[in-house]
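These numbers come from a predicted model, not from an experiment. Chain letters run A, B, ... following the sequence lines, proteins first and then strands; every chain starts at 1.
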2 protein chains.
Amino acid sequence: MRKATYTVKDIAKLAQVSIGTVDRVIHKRGNVAEETLEKVNRVLNEIDYKPNVLARNLKRNKIFRLAILIPDPTIDPYWGPCLAGTKKAGQEIGLYGVELRLYVFNPYNTKSFTAQAQAVLQDNPDGALLAPLFYRESLQFLNDCGKAGVPIMTFNTSIGEGEVKGFIGQDLYQSGRVAGSLFSEVLKGGEIAIIHFNESYENAIHMQEKERGFRAFLGEPKKGDFNLTSHKFQSPVQGEPGKELRQFMKSAPQVSGIFVTTSQAYQIAKLVAETTNDVVLIGYDLLAENIKYLKQGAINFLIHQNPQTQTYLGITHLAEHLALQKPIQEKKLLPIDIVTSENLEFYLE
Amino acid sequence: MRKATYTVKDIAKLAQVSIGTVDRVIHKRGNVAEETLEKVNRVLNEIDYKPNVLARNLKRNKIFRLAILIPDPTIDPYWGPCLAGTKKAGQEIGLYGVELRLYVFNPYNTKSFTAQAQAVLQDNPDGALLAPLFYRESLQFLNDCGKAGVPIMTFNTSIGEGEVKGFIGQDLYQSGRVAGSLFSEVLKGGEIAIIHFNESYENAIHMQEKERGFRAFLGEPKKGDFNLTSHKFQSPVQGEPGKELRQFMKSAPQVSGIFVTTSQAYQIAKLVAETTNDVVLIGYDLLAENIKYLKQGAINFLIHQNPQTQTYLGITHLAEHLALQKPIQEKKLLPIDIVTSENLEFYLE
DNA sequence: CGTACTCTTGTGTACGTACACAAAAGTATA
DNA sequence: TATACTTTTGTGTACGTACACAAGAGTACG
């Protein structure tokens, strides 16, 4: 007669020992006679013992602190949704005694990152979630955390090495392919310009991977007769599109599609809207500016990288790892959501 | 000096009463002198008392049983992912002492539904999740549950009335608009056939709502010059597309787009693939058959209704309502995911 | 045979909540 | 003032786990 859930008490009774002994066996704390050990293990093998997480955590009664290290959303609005994700996760895991602390750094300033990373280590948290923008510095931080025994997860940007416990983000190569597939649906052929903004900025790998996927897809047979060109621009920190960009848009009337590999598609859209050009424009991320042009029709599709969910999942994963000692999933790839003006609202939330 | 979390013990000390009295106040169990009541309430208003859910549930130590009432996936494969969603949710909430029991009914047979609904009531669960295919019968069941005090949520199909506590699904009208927006991106104009399969089947409302959204979107100015026609077919239970359908596809070479409002787009795709027609085809749901044609290119886009997540969320919502007495969200609309061959893999799992 | 020691096992208590029950305080009646 | 009764308050215990500590069993040696 099997029960649904067994307790240490049940096991003790079955093995005819005390619950203290059972506990020692379960936690491998030694000091158990060979014979007794076997007796208990036999019972443990028979039944499927699952410790009651509620009781376990109640007993432990520890408050875990998680550090969230991300770029300042007031400097790069791409990171704005991370705050919402953090907040949502915070409410949820607060019940289980996990607290969050946010550390923001300037995404254009390496020093700012290292300073905040130092601050994190100083505060000695029980876990950390990191957006590893700067490769070298992030690697250093990961190793420091590893030494300090702080489990750490990364999101948004994958960093292949270091003491990372898990990654949450998107397959960038594949996301380039998705963009390609959209162009091949909408256009039969023609010139498509691939535009990178601020490639000197840390996330060059992002753009390269996307371009690689994009070109790979459209290079396949039967996807259309496309001519692909790549271009790099600096986005002005504020306001109007730069001169070079304006120049380019004027001098390239034959372009029938534009693929922007960053969240700055609105820069292009602004110019497109001015000239009533009917170029097909695909970009990334649900920034307010992008959304505006998506609704106007100047942007045809946006690909949603979902930083909010990335943050949310990263935090809850870490929290459950600490509180319920769930294993950390090594790699979690989020869907590459295709957004039009009509399904937009559901991704905003 | 404020603490992060207060316990009843803390409150008792602050109010200079025993924890038993605090408990009575918190749970409004009466038998507390006016004066004492005020003393405790004053403390409660000062601090933000959040009962420890772990301890609360540990004490309660009740196993909640949830009933899941869905159509038989072996009869309509659309419901297959619900099993995966159920399983995933089951693992998660099992830790909190919530058990699931599945009840499947024949989606083509009202009697089968009422029989299973009866079975659910017989088993007297602590909560229920329902796919309310049959309107009248579902309403009856909802009311029965209401009388029996069983909290119930619905998913997939919205049922505006009855004793429902919450709904999880998609905005069908809007999903029709999404399909419309995709056609307007890919085609400039021409004839688009809207095809309903098995409209006699219970989910006629689904199809009508989708068509309404679809027509509304494409009827707007500047969306293109489209000519929309509606058609109804029966899908054969097994195997080859029906004669009428074959007839239709032959006799309508001028059709440049087809919108299938159900999960049977593969029926059309099969015929399209035979004739190497280059009609634009958009349908619903990631059935194995649909996926096959999506990859081949015979289907251009699929709209993902995500029954797996619908089930998963419904169950976890109910479980958290029971175990952690979280309020049930009245209406949760999932994103209307646009799926191509390139982002497909991330929606599968 | 007693002492000192190790090895092994069992008991008690805490975590925070919820509730049963006992105890105390207050009120009414003889 | 004693008695019976109601109202109010406090204490004890359970949920299941984890760990400190006490107790018991066994061995070695003077």
Side-chain angles (χ1 to χ4, degrees), chain A residues 3-44 47-64 94-98 322-326, chain B residues 3-44 47-64 94-98 322-326:
Chain A
K3 284 178 53 170
T5 56
Y6 290 86
T7 71
V8 279
K9 213 164 151 187
D10 296 321
I11 298 171
K13 207 176 291 171
L14 287 170
Q16 303 183 65
V17 294
S18 73
I19 62 170
T21 304
V22 173
D23 187 68
R24 268 182 289 270
V25 174
I26 288 172
H27 292 89
K28 301 195 170 65
R29 286 203 264 115
N31 288 330
V32 177
E34 190 69 27
E35 201 184 349
T36 320
L37 187 80
E38 266 190 26
K39 247 197 321 190
V40 176
N41 272 330
R42 216 164 328 155
V43 175
L44 284 174
I47 65 164
D48 177 32
Y49 172 63
K50 283 183 188 166
N52 183 321
V53 277
L54 299 174
R56 173 172 283 183
N57 280 288
L58 176 60
K59 184 61 183 61
R60 211 185 262 119
N61 197 31
K62 169 161 168 49
I63 290 182
F64 294 102
L95 295 173
Y96 303 99
V98 182
L322 292 171
L324 315 180
Q325 50 261 196
K326 285 192 186 174
Chain B
K3 286 177 49 170
T5 56
Y6 289 87
T7 70
V8 279
K9 212 165 153 188
D10 296 321
I11 298 171
K13 208 177 290 171
L14 286 170
Q16 304 182 65
V17 294
S18 72
I19 61 170
T21 304
V22 173
D23 186 69
R24 269 183 290 270
V25 174
I26 288 173
H27 292 91
K28 301 195 169 67
R29 286 203 263 115
N31 289 329
V32 178
E34 189 69 27
E35 202 184 350
T36 320
L37 188 80
E38 268 189 24
K39 250 200 314 193
V40 176
N41 273 330
R42 217 164 326 153
V43 175
L44 284 174
I47 65 166
D48 176 32
Y49 172 64
K50 281 183 190 168
N52 183 321
V53 276
L54 300 175
R56 173 171 285 183
N57 280 289
L58 176 60
K59 182 60 184 59
R60 212 184 260 120
N61 196 29
K62 169 160 168 49
I63 290 183
F64 294 103
L95 296 173
Y96 303 100
V98 181
L322 292 171
L324 316 180
Q325 49 264 185
K326 284 193 186 172

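- Summarising the geometry, the separation between CD on B:E34 and C1' on C:dG26 is reported as 17 Å, rounded to the nearest angstrom.
- One finds a side-chain N or O of B:T36 lying less than 4.0 angstrom from the OP1 or OP2 phosphate oxygen of D:dT9.
- Phosphate contact (OP1/OP2 of C:dT17, side-chain N/O of B:Y49, threshold under 4.0 Å): present.
- Residue B:N61 is classed as a sugar-phosphate contact, given heavy-atom separations below 4.0 Å to backbone atoms only.
- Residue contacts for B:N31: at a heavy-atom cut-off of 4.0 Å it reaches a base atom on one of the strands shown.
- Regarding B:I26, its CD1 atom lies at a distance of 7 Å from the P atom of C:dT17, rounded to whole Å.
- A residue-by-residue look at B:L58 and B:R29 shows that B:L58 has its nearest nucleotide of DNA chain C further toward the 5' end.
- The interatomic distance linking A:E35 (CD) with D:dA25 (P) rounds to 16 Å, in whole Å.
- Between A:T21 and C:dG10 there is a side-chain N or O to OP1 or OP2 distance below 4.0 Å.
- Proximity of B:K9 to the phosphate of C:dC15: a side-chain N or O atom is located under 4.0 Å from OP1 or OP2.
- We find the OG1-CG distance between B:T36 and B:N31 to be 11.5 Å, quoted to the nearest 0.5 Å.
- A:S18 has a side-chain polar atom (N or O) that falls below the 4.0 Å cut-off from OP1 or OP2 of C:dG10.
- In this structure, NZ of A:K59 is placed 5 Å from C1' of D:dA18, rounded to the nearest angstrom.
- If you measure from atom OH of B:Y6 to atom C1' of C:dC15, you get 19 Å, rounded to the nearest angstrom.
- Looking at which nucleotide of DNA chain D each of B:L37 and B:R60 is closest to, the 5′-most match is held by B:L37.
- Mapping B:A55 and B:Q16 onto DNA chain D via the closest heavy atom, the residue that lands nearer the 5' end is B:Q16.
- The CD1 atom of B:I47 sits 14 Å away from the C1' atom of C:dG16 (whole-angstrom rounding).
- Within the 4.0 Å cut-off from OP1 or OP2 of C:dT8, not a single side-chain nitrogen or oxygen of A:R24 is found.
- B:N52 comes within contact range of the sugar-phosphate backbone alone, with a heavy-atom separation under 4.0 Å but no base atom that close.
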